[in-house]
Amino acid sequence: MNPWKEVAARIDAGDGKKLAPFLSTLDEQGRRAVAERLPGYLSERLAQGWEGQRWVQDRTDAFRIAGAACLSGAAQVAAWLNRRDLRWVREPEADAARILALIGDRPAAWREDLAVRLVERLRPPSRSASRLMDNGVPGWDLAAGLVLETGIEPPDNDAFTTGWLWRLVRRHSMYQGTRDALAGDPLLGHLLPRVFRATGVAQALAWDLDWNRDRGVVAALVALAGQGRVPRQVLVGGCVERFLAGGEADEIAPFVTLWRGLRPESGEIPAVEFVRLLPSASSPFVQLALEELGRLDEAGLLGDEPFAEAVAALTFRPEKKYVTAALRWIAGAAPSRADGALPALAAVFDQDTPALWDRAVRLAVKFAPHASGPALDMVRTAASRLPADLREKIAAVAGPVEADDPPTVAPAALAVNPLPALPPVLASPEDLAWELEALRWPDEPPQFERVLAALVELTHRDRDTVAQALRSWWHKHWRQPFDPTIYTYGISGFGRNTHALLMRCALAVVAPADSRKLSALLADYHRHHPYDEPAIQLLVQRRLREVVEMLEAGRSVPVLLATPTAPTGHVDAETLLDRMERLEGTEPLPADFHQALLRLPREIDPRSAVRAEGLASRAARTLAEWLRRGGLPDPEVTVGMETAQRPDAHWNTSADHYISVREMYVRIAPPAGVPEPVAELCTGPATALYDVGETVWWPAVMPSHREVVAAHLLETLTLDIDSPRGGGEVLAALVHGDGPVGAATASALAIGMGNKHPAQRGAAVDALVTLTARGQLPAADLGQAIAQLVDAGLVKLNRIAAALDEATTAGAHAAVWRVLLTALPPLLPCTGDKPRAGLGELLAVAVKAATLSGERAGVPGLADVAARGGSSRLVQEARRLQQQVSR
Amino acid sequence: MADAVLAYSYVRSSGLDLSSGLLDLSTSGGVTPSGPAFHPAFFSGLLTRAAPAAAGLLGVADVARARYYDARPTGIVRDPVVTCNGDRLRFESFSACGGVYARLDVLQQALDGEVVELGTTNVDVNDPLRRALVRVGGNDPLHLRVGAEELVATTLEGPVVEKKVPLPTRWVRGFAEVQVIASGFDLRAELTGSEAVRFLRSLPRRGVLWAVPAGRSLRLSARPAAGAVCLPGPDRLATLLPLLRFATGLRVYGPAVPAHGLAVASAWELELPGMRYVLTLSPEPRRGFSGEGAVLDDLATAHAEEDADLVGAMLAFEPRLDADLLAERCGLPRDRIRAALTQLGTAGRVGYDVAEAAHFHRELPYDPGRVAAMNPRLKAARDLVKRGAVRFSTPDIAVVGERRVRLSPDGPVCTCPWYADFRGSRGPCKHVLAAQQVHDQAQADPKGGTR
């Protein structure tokens with residue numbers, strides 16, 4: 001038997017263990033024979049698709065040793081072992097041992113060449129820490145084994161260093177690594193300095209610090225440095241190098257810990273480097289630098305200039321704790337350092353932390369007598385931002401301060417951001433086919449509406465042409481031959497999803513028989529699984545389903561009544577009458593008709609009612625009556641908080657796991673004498689819609705009764721208050737509609753402003769600004785909703801504060817002030833109570849809004865808070881507000 | 001197609017000697033007014049504002065090695081490009097992900113020295129240099145040398161520093177095309193230094209947001225409003241943060257808010273003492289600039305190439321190109337000058353400065369043939385035409401392969417999923433380009449008719 005056949009048979013058997021002894025018996029000729037056939041054999045197998053790949057995966061070991069033993073050049077072997085299909089092995093250490101044994105007889109130069117190539121080709125690991133812990137960096141064991149055997153200096157590759165660290169970390173976690181073992185590690189000398197330069201090592205070090213702690217690699221390095229068995233300079237200098245290289249917190253943190261473990265002497269602390277890093281470094285290092293520079297300063301080893309630079313850098317940092325630390329440092333400084341301290345204090349005035357202004361001003365007053373002219377000028381200029389009382393204190397020591405007052409922020413002009421205009425009507429079957437094919441996800445109701453309208457109108461005019469035009473769409477989107485069962489499994493959504501329903505409308509024109517089959521199957525299914533969406537969504541679906549039904553039956557109507565004529569979804573009354581006339585006395589589709597009624601504007605010319613009376617159909621009489629009565633009277637919407645018993649987790653519903661929670665409830669009560677389908681929409685409690693995305697339809701369902709829409713929306717929003725698709729857009733669209741707004745709209749706004757996602761908050765602010773610009777903001781309701789939702793722990797106050805701040809900046813300052821007048825009193829702490837988080841920020845917004853609007857009014861409870869002692873942000877802002885409103 | 005490899009060769013490493021205050025930037029092969037040069041020397045003199053300049057250079061270097069949608073290290077750093085325009089030095093870099101462009105313009109006010117020559121080249125940036133740049137501070141000026149004259153004589157022994165990095169075509173194309181995209185931007189907002197600090201520090205890390213001018217600052221919104229600027233992936237502005245301590249203002253540029261409301265590119269320019277640092281962001285963190293197709297309409301015009309040759313011959317590393325002057329000198333109308341500048345932009349031969357609202361001359365130091373290689377979409381469109389895949393069913397509706405294209409006056413539209421996703425915001429798709437080409441041919445040659 002020839003050698004290749006023997007090898008192939010052993011590979012096929014998946015038996016790496018028996019293959020190795022056989023390979024070592026091969027002579028030069030035998031190896032060549034194998035080398036000739038091996039790559040082709042692998043490619044052949046891989047070409048068989050995923051099954052072949054799987055087959056190769058199970059035999060990676062065998063393929064690797066066969067290649068390593070038989071391929072001739074080092075470059076070839078390296079390329080073979082680095083192949084994507086052969087790179088991953090289950091037991092890398094055993095694999096390395098097998099291969100090393102097989103190539104032991106190759107010339108030294110060849111082996112060195114291979115070692116270099118293997119090290120250079122290692123890739124930065126992209127696996128999770130736990131997998132790196134188990135299996136190491138792929139390919140590392142073999143590369144390292146060969147490096148050690150050949151005794152070469154390993155080429156510089158970060159992945160090699162990272163692999164080394166992961167192996168050390170694992171050894172230490174298994175109690176196999178000791179300090180002695182580490183000191184004797186043959187790679188230590190080469191790789192230790194590289195640890196401080198390589199990217200990607202932090203993950204291994206962080207794991208070591210988390211899990212190995214005292215017995216870990218980092219701890220061992222510290223101990224060895226203490227004993228002088230590892231050059232301390234390499235570690236200390238390496239850390240500095242690493243700090244200078246910068247990086248995110250998690251990349252720097254392990255080195256900060258190492259530095260702390262080493263306890264460098266003051267002489268080892270590079271003051272200039274540490275100072276220069278303060279402005280840009282990540283937080284763990286800044287904390288370290290702060291401590292170390294403080295240590296130097298206490299020993300009298302920090303010059304005045306580095307001191308000045310350091311405190312200036314710290315007071316400019318975004319983290320409040322470093323600003324505070326700098327103030328503490330300055331407080332302890334000698335008067336001779338006044339010129340260095342004052343610019344740093346000036347930077348504090350520019351920070352948005354009024355709680356610190358007081359202290360900074362006191363320090364400035366203390367240092368001013370010792371300062372030079374330019375430093376005083378800086379403080380004086382910066383002080384213009386401060387409130388009047390603090391300004392005066394600065395002026396007393398530094399000369400007159402120009403007030404940047406009235407307000408630092410000029411009020412912006414309020415502007416409504418209009419909804420996008422409606423797309424043009426689709427006039428030809430070609431256009432219709434085009435738009436149908438280009439329909440997008442997620443739903444865009446205006447697009448849907450015009451496709452639906454064109455489908456119905458054009459089909460009525462010339463069904464065959466439309467069917468013809470839609471054929472290519474049909475071929476592409478529906479399985480041929482048609483099999484309705486694939487569209488009817490439970491979650492397919494073909495019965496309820498708006499996108500699918502619109503597709504079914506078109507299917508009913510092109511292939512009515514197919515459509516009927518599908519509808520029958522779906523009807524069967526839904527008999528047992530009734531539609532359970534909120535009534536408002538059911539109307540959207542019903543409108544689409546009745547069109548499917550009509551077209552399937554081969555019927556048609558000249559025109560749909562409810563197609564919007566305005567971006568809000570409104571249908572102009574005269575247009576509706578024109579459309580009714582085109583029906584020529586036939587009855588319209590019921591859902592379409594009711595939708596049209598709901599889309600009428602609130603203000604209607606009385607002559608329209610007269611015109612409607614002239615039309616002959618049952619629907620026309622209803623319409624005339626509707627118009628005479630002035631449309632749908634406003635349903636009553638109530639929103640409130642209640643205490644409910646709920647399971648503490650959704651998976652645990654046993655009776656003893658119920659807890660009391662504060663919840664928001666919504667109720668809608670229909671006005672008397674409204675037709676049934678409409679009354680349904682005005683009845684609650686509403687149910688929630690699980691697919692928040694489809695709520696985009698709702699603003700246009702009842703554009704003249706947006707509070708009702710808000711009530712339906714609220715039920716869905718409270719399901720998941722921090723949803724990334726939290727209906728912010730719906731809210732922003734809703735407010736462009738008409739009709740009264742009250743508690744429901746206000747609560748939806750408050751929930752939007754408290755959303756975790758900035759985009760959602762932004763949309764809620766947009767809605768607030770739009771309502772304000774239209775003069776319709778229910779300010780008191782919003783204030784109350786904020787207070788209630790915050791009190792129930794449903795939304796976070798700091799987010800609300802940030803959103804109200806944005807609205808203030810956008811020009812809604814007067815409205816925000818009115819909102820806060822209601823929101824603040826219940827949120828302010830009673831005497832002795834611990835104030836809630838974020839209240840200081842909220843008061844800061846109140847100060848801004850009150851200042852900009854020039855409003856003056858007492859806020860109940862404010863004086864008590866302002867009179868509290870201390871210098872917390874809450875108290876400071878309360879005092880400022882108190883001053884502002886009682887001026 | 002395997003990616004090309006770019007080899008930088010420097011006579012020595014760039015270095016910063018803090019004791020003597022010398023910042024020595026080593027140059028690789030580049031272009032000067034007299035043609036290609038191996039190690040050109042551009043400038044020697046004082047950087048009067050050393051600290052912001054060093055921090056700005058670090059920002060440019062950080063962008064060069066960043067891959068914003070994936071934080072794992074790439075191991076690939078493409079060296080920044082420096083251009084000497086006479087009155088200013090420009091340092092440019094382009095992120096490894098192809099979605100962020102950074103430029104530091106060091107203006108005359110911050111330079112005090114001698115311009116040796118005009119031109120463009122790469123400068124070496126290495127780890128020791130980066131670490132030294134971090135240590136620059138205080139008010140002491142630095143001596144800056146971009147390329148060293150006296151060293152040119154010693155290059156006979158060959159370069160000592162060689163670096164090789166892969167050079168993907170789409171990266172080079174993105175680097176070039178970002179200029180063309182930026183030329184459609186206008187100033188949308190201007191913030192003072194302290195407002196800039198507040199705004200930039202308050203940004204979330206992720207998401208596609210719109211910054212709407214509000215009062216003296218900007219506020220974030222989920223939906224575009226008039227005058228808004230798109231902010232896609234705010235974490236990509238991270239290199240602005242270390243520069244905030246020097247910032248005297250922030251200017252924000254972008255295109256007019258598009259009707260389709262989809263994300264668009266934007267530019268964020270920090271005003272520093274005597275210099276400007278600008279970042280241009282692609283419309284999505286995962287989208288590089290190369291696929292934006294902003295150039296296609298201009299590239300597809302008949303005269304673009306000849307006009308570009310004509311205009312290109314007039315360039316002499318001007319800091320700002322006056323389009324009227326070019327029009328006059330070349331005897332071409334403005335729209336053809338514009339198309340020619342687009343063509344030159346995609347070839348990496350001009351950049352665009354949003355602050356000046358003008359192009360500037362610089363020659364990207366990459367193989368010009370590579371940069372100018374035909375846009376793949378344009379190529380695909382020409383293939384479609386060649387295959388006869390375009391059939392007009394009505395005068396304005398064409399069937400192109402299995403897609404349908406309509407050439408309407410409001411802009412062409414197509415039924416392909418790519419168009420559905422981007423609605424023309426990334427330029428025309430290959431089907432539209434093919435249909436337009438057949439349409440134009442038919443107009444030019446009515447007898448030929450449509451195929």
Side-chain angles (χ1 to χ4, degrees), chain A residues 123-124 126 158-159 197 199-200 241 244-246 248 272-273 275-277 279-280 305 309 312-313 316 318 350 352 385 408-412 415 417-418 420-421 424 430-431 433-434 437-440 472-473 476 728-729 732 757-763 765-766 802 806-811, chain B residues 18 55 58 62 71-75 127 130-132 134-138 194-195 197-198 201-204 206-210 212-226 228 234 241-242 244-245 259 261 393-394 397 399 402-404 406 410 413-415 419-421 423:
Chain A
R123 291 152 171 264
S126 58
D158 291 354
R197 279 177 240 138
T199 36
E241 211 175 283
L244 285 170
E248 302 272 318
V272 176
E273 279 80 355
V275 169
R276 298 274 149 91
L277 276 168
S280 57
E305 261 190 49
E309 224 181 306
F316 190 71
D350 240 1
D352 264 343
R385 269 201 80 205
T408 47
V409 190
N417 181 13
E430 285 278 355
D431 288 351
W434 196 89
E437 224 164 286
L439 268 193
R440 288 170 278 268
S472 81
W473 165 83
K476 214 174 298 169
E729 278 173 63
H757 302 273
Q760 293 296 328
R761 288 204 298 275
V765 173
D766 281 346
E806 290 205 343
T808 309
T809 315
Chain B
L18 286 166
L58 270 174
D62 279 343
R72 279 176 299 156
T74 56
D127 284 351
R130 297 171 58 95
R131 291 196 292 269
V134 176
R135 299 175 54 199
V136 174
S194 47
E195 291 292 351
V197 172
R198 229 160 284 144
R201 279 182 178 171
S202 70
L203 292 178
R206 305 204 187 292
V208 174
L209 299 160
W210 294 83
V212 186
R216 288 190 200 173
S217 187
L218 292 163
R219 73 180 181 90
L220 296 179
S221 167
R223 218 161 61 84
L241 299 178
L244 286 179
R245 60 200 147 120
S393 51
T394 72
I397 293 189
V399 177
E402 55 174 2
R403 308 295 177 198
R404 297 145 56 77
R406 189 172 58 197
D410 311 333
V413 282
C414 180
T415 56
Y419 181 86
D421 285 347
R423 290 174 244 181

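In what follows, chains carry the letters A, B, and so on, assigned in the order in which the sequence lines appear, proteins first and then strands, with residues in each chain numbered from 1.
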When every non-hydrogen atom of A:Arg385 is compared with those of A:Asp350, the smallest separation belongs to NH1-O, 3.0 Å
If you define the side chain from C-beta out and look only at heavy atoms, does anything of A:Pro318 sit under 4.5 Å from B:Leu241?
no
Which bit of B:Arg135 is near chain A, if near means a heavy-atom gap under 4.5 Å: side chain, backbone, both or neither?
both
May I ask you to name which of A:Glu437, A:Glu241, A:Glu309 has the most heavy-atom pairs under 4.5 Å with chain B?
A:Glu241
Option in B:Ala226, B:Cys414, B:Ser202, B:Ala228 with maximal non-hydrogen atom pairs under 4.5 Å from chain A:
B:Cys414
Would you mind checking which part of B:Arg198 comes under 4.5 Å of any heavy atom in chain A, side chain (CB onward), backbone (N, CA, C, O), both or neither?
side chain
Please name the pair of heavy atoms, one in B:Val413 and one in B:Tyr419, separated by the smallest distance, quoted to 0.1 Å.
CG1-OH, 3.0 Å
Which of the residues A:Ala759, A:Ser280, A:Ala763 is involved in the greatest number of heavy-atom pairs with chain B at under 4.5 angstrom?
A:Ala759
Please check: side-chain N/O of B:Thr415 versus main-chain N/O of B:Arg404, any donor-acceptor pairing under 3.5 Å?
yes
Highest number of heavy-atom pairs under 4.5 Å with chain B among A:Asp431, A:Val272, A:Leu439, A:Val765 belongs to A:Asp431
Checking B:Leu209 against chain A: side chain, backbone, both or neither under 4.5 Å from a heavy atom?
side chain
Can you tell me which portion of B:Leu203 sits under 4.5 Å from chain A's heavy atoms? Options are side chain, backbone, both or neither.
neither
Across all chains, not counting sequence neighbours, the side-chain contact (heavy atoms from CB on, under 4.5 Å) partners of B:Val134 are A:Leu244, A:Leu277, B:Leu58
Correct closest heavy-atom pair for B:Leu18 and B:Ala132 would be CD1-O, 4.1 Å
